[in-house]
Amino acid sequence: MEIYGETIGSRLMLGTARYPSPEILKEAIRASGAEIVTVSLRREAAGERAGQKFWDIIRETGVRVLPNTAGCHSVRQAVTTAQMAREVFGTNWIKLEVIGDEDTLQPDLFGLVEATRILSDEGFQVLAYTTEDLVAADRLVEVGCRVLMPWGSPIGSARGLNNVYGLRAMRARFPELTLIVDAGIGVPSHAAQAMELGYEGVLLSSAVALAGDPVAMARAFKLSVEAGRLAFGADPLEPRDMAEPSTPVLGQAVLA
């Protein structure tokens, strides 16, 4: 997977919130094989983490931190949070979220485009949390975004891919861009389905953190992402309306 010219070995990205303990977080990261984890500066500043121990664990795993603007509901909030995150984490990468609806946590697409324009002009490399809306995607690309992260379904809903047609259309529209399904992934089969559509990766958090066994679930997602990508590359059989025998009819015995 390529993100702004850098090659990432794993196609699975993990959030770091809501794990039962820092140690389980560390074990889950290692089991997942993820090379990138997302961290919310707003949550970190609010003291949700276990302070220095959290950062020690992140360093021990050797993963790259992708700061995000989770919880931001305006362009000003998102831009300011991104600027602070660049200072704290020392990276131009930012997973940009501008939330527009409290119930669904759907992105504010108008605000997202404006925030992306501002941050791109400031040298940020934006990974935009968006919907499968193609018009919004075109605008994001126009203002400098090269990694689109459409939702599968609302954040934390575990409903999987609500609009497969829309996700497939986005993949077809932007064959050269890095596309990562973000939000709504609940079980490994959802991740595999996203990969089978040709997406470069998936980002998930609650599906692992809130599982009964986060470490085992992280390993399951690692395997599902690998399987889905392999299936996509193998040119899978297209669905059809009529049956077709898998055993050749030619050569069968003819009964008089």
Side-chain angles (χ1 to χ4, degrees), residues 1-19 22 25-26 28-30 32-72 74-99 107 111-130 140-141 143-150 155 177-183 199-205 208-209:
M1 177 169 66
E2 281 203 7
I3 296 179
Y4 287 101
E6 295 192 38
T7 300
I8 309 299
S10 172
R11 297 180 182 275
L12 176 61
M13 304 161 70
L14 281 186
T16 56
R18 307 183 71 183
Y19 282 82
L25 168 61
K26 179 172 68 174
I29 291 173
R30 286 176 171 165
S32 73
E35 296 180 14
I36 298 173
V37 298
T38 60
V39 175
S40 167
L41 178 65
R42 288 169 64 88
R43 292 197 193 102
E44 192 63 44
E48 181 178 304
R49 303 277 180 236
Q52 187 60 43
K53 186 174 182 181
F54 171 75
W55 295 114
D56 289 343
I57 285 173
I58 295 299
R59 280 191 288 269
E60 286 174 18
T61 58
V63 295
R64 179 167 183 161
V65 170
L66 171 64
N68 65 38
T69 62
C72 293
S74 70
V75 172
R76 182 178 179 182
Q77 278 186 329
V79 169
T80 301
T81 300
Q83 292 167 339
M84 293 171 61
R86 178 156 65 179
E87 293 297 318
V88 171
F89 300 110
T91 177
N92 286 326
W93 285 10
I94 189 73
K95 183 198 167 193
L96 184 61
E97 300 181 26
V98 184
I99 301 301
L112 180 65
V113 171
E114 177 62 14
T116 299
R117 182 190 65 77
I118 294 170
L119 293 173
S120 294
D121 287 346
E122 294 184 5
F124 282 89
Q125 295 173 317
V126 175
L127 293 80
Y129 168 60
T130 182
L140 288 167
V141 172
V143 296
C145 184
R146 293 296 175 266
V147 181
L148 299 176
M149 304 183 76
I155 294 171
L177 290 187
T178 296
L179 303 182
I180 299 169
V181 171
D182 176 20
Y199 278 69
E200 272 75 25
V202 296
L203 169 60
L204 52 96
S205 182
V208 171

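Remember, predicted model here, so these are calculated numbers, not experimental data. Note that the numbering runs from 1 along the sequence shown for the chain.
Minimum heavy-atom separation, A34 to L12: CB-O, 3.2 Å. Y199 approaches I180 most closely through the heavy-atom pair CD2-N, 4.0 Å. Closest non-hydrogen pair, A28 versus L14, comes out as O-CD1, 4.1 Å. Nearest approach of T91 to W93, heavy atoms of both residues: OG1-N, 3.0 Å. Annotation for Y129 and P107: closest pair CE2-CG, 3.5 Å, computed over non-hydrogen atoms. Among all heavy-atom pairs drawn from C72 and E97, the shortest one is CB-O, 3.8 Å.
The distance from the OG atom of S205 to the CG atom of N68 is 9.5 Å, given to the nearest 0.5 Å. Taking CD1 of I94 as the reference point, atom CZ of R86 lies at 9.5 Å (rounded to 0.5 Å). K26 NZ to I57 CD1: the interatomic distance, rounded to the nearest 0.5 Å, is 5.5 Å. Between the OG1 atom of T38 and the CG atom of L204 there is a distance of 9.5 Å, given to the nearest 0.5 Å. Between the CG atom of L66 and the CE atom of M13 there is a distance of 5.0 Å, given to the nearest 0.5 Å. A distance of 6.0 Å separates OH of Y4 from CG of L127, quoted to the nearest 0.5 Å.
Under the side chain to side chain donor-acceptor pair (under 3.5 Å) criterion, R146 pairs with no residue at all, not counting sequence neighbours. Listed by chain and number, the residues in a side chain to side chain donor-acceptor pair (under 3.5 Å) with E87 amount to none (sequence neighbours excluded). For Q83, the side chain to side chain donor-acceptor pair (under 3.5 Å) criterion is met by E122, not counting sequence neighbours.
S120 places a side-chain N or O within donor-acceptor distance of the main-chain N or O of V143, the cut-off being under 3.5 Å. In this structure, E35 contributes its side chain and G9 its backbone to a donor-acceptor pair below 3.5 Å. Remark: the backbone N or O of L179 is paired with a side-chain donor or acceptor of E200 at under 3.5 angstrom. No donor-acceptor distance shorter than 3.5 angstrom exists from the side chain of T81 to the backbone of A78, with no hydrogens or angles considered.
In this structure, the side chains of I29 and I58 come closer than 4.5 Å at one or more pairs of heavy atoms. Two residues are said to be in side-chain contact when any heavy atoms from C-beta on lie closer than 4.5 Å; T69 and Q77 fail this criterion.
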